[in-house]
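Numbering of ligands and ligand atoms starts at 1, following listing order.
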Amino acid sequence: MSFFHGKRILLGVSGGIAAYKTPELVRAFIKQGAEVRVIMTPSSKDFVTPLSLATVSNNPVYSSFIAVDQDNPLWNNHVEMALWADFMLIAPATSNTISSMVHARCTNLLLAAYLSSQCKVFVAPAMDLDMYSHPGNQKNLDTLVEYGVEVLPTGEGFLASGLQGKGRMLEPLEIVSLIEKSISKNLPLSLKKVVITAGPTHEAIDPVRFIGNSSSGKMGFELAKRAANLGAEVVLISGPTSQKVEHHNIQIEHVVSADQMFELSKSHFPSASIFIASAAVADFKPDHSATQKIKKGENFNKINLVPTPDILAHLGSIKENQFLVGFALETENEIDNAKKKLKHKNLNAIVLNSLNDPNAGFGGDQNKITYIQPNTAPISFELKSKQAVAVDIFDQIIVSYEKSS
Ligand code: CTP
């Protein structure tokens, strides 16, 4: 999934020559799955047409408080537009628009939306060399920063006036990339590495048969997506499953057996901030795997089993600053047994999966969990989708992780 997937972006276009680049900017966001709405100042229409922006954004473009509709003029609600957005970007931001933003002058729809906004606002200034360096403009940009607006840098090069220097609007892809960096850096798990094990493991009996279980891997994949959306760099170590994930922050490592999961877990653990073992690792494996398919006539009636490595217990024994979370699947004395695992495996928290609810657990889309930490009362959650459970789990982890680090 791309970074801007599902993001709602309000783009304000003011009247500078760089406005001709805004259809490309809109496309760059849309390509990543964002929804973009555009507000133009009246003078920006001299540089780019509303039709171009409406076409690339797939949305009507607004530039005045009243929409022209012969008999029934409609009020373009700037407050609603501003509250709709996850973030607002004003690009290009001219000297005039910047100055009006500083002085709360509400002379057009773009400024009204900015003044009503509650979300993060970015501006991409675009001016001529001397205008950009004028102390009035520099002071205004500083003031916007004080207001909490993020002022993007300007590019350097050939300007519309024929001069060479600072002041031109950044290229659309540079703007997109800077906004992505800025948003990621403010997310709670930004710059943190989160490693998650997921799915079952298959322990080979012969090339076509194995010991395994019916874990779907869904819970682990939802945890990976949630961590990535919170800004983490995620490594998802997954056993055989039909689950798929595409997210620029998720690196997926496919394994088959407990031994392979163990090796990869050990190699990623030292650099992890948070490690979550949600995999349903097989506890036993055949002491050897036949190299050829075992035939019926071979009178095969016994498999000798040996234990697989307990990945989580090993990580608990070498843990330094990592926040280590396990899962527990219990059928009786659930809380007590989960607490024993928490202690025995030296975990920071354990998520107890209840098998007592017929809709929760292994194969399904829902789960019902209790989150347990040492010396704290267990927190039980309602039955909900695994996606919502992943949100609950990370809400808890973030609170305790922040306290512990
Ligand atoms: N786990 C692991 N490696 C194993 C077995 C389990 O890392 N070989 C992890 C699981 O991913 C889970 C936790 O340990 O986070 C508890 O798994 P669970 O199956 O509930 O318990 P076990 O430790 O296997 O003990 P038991 O089956 O006896 O309840």
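Closest non-hydrogen pair, M219 versus A390, comes out as CE-N, 3.7 Å.
No side-chain heavy atom of K285 sits less than 4.5 Å from a side-chain heavy atom of I211.
Sorted by first and then second residue, the pairs that involve residues 199-208 and meet side chain to side chain donor-acceptor pair (under 3.5 Å), not counting sequence neighbours, are T201-E203, D206-R209.
Residues lining ligand 1 at a heavy-atom distance below 4.0 Å are given as A277, A279, V281, D283, T308, P309, D310, I311, L312, G326, F327, A328, L329, K341, K345, ordered by chain and residue number.
By the 6.0 Å contact criterion, CD on Q138 is enclosed, its count of non-hydrogen atoms from other residues, nucleotides or ligands being greater than 12.
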Please evaluate residues Q322 and E320 with respect to the criterion side-chain hydrogen bond (donor to acceptor under 3.5 Å, both in side chains), reporting the C-alpha separation (whole Å), side-chain torsions for both, the decisive distance (0.1 Å), and the verdict. CA-CA 6 Å; Q322 295 88 348; E320 290 178 339; 5.2 Å; no
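Side-chain N or O atoms of S190 include one that pairs as donor or acceptor with a backbone N or O of S184 at under 3.5 Å.
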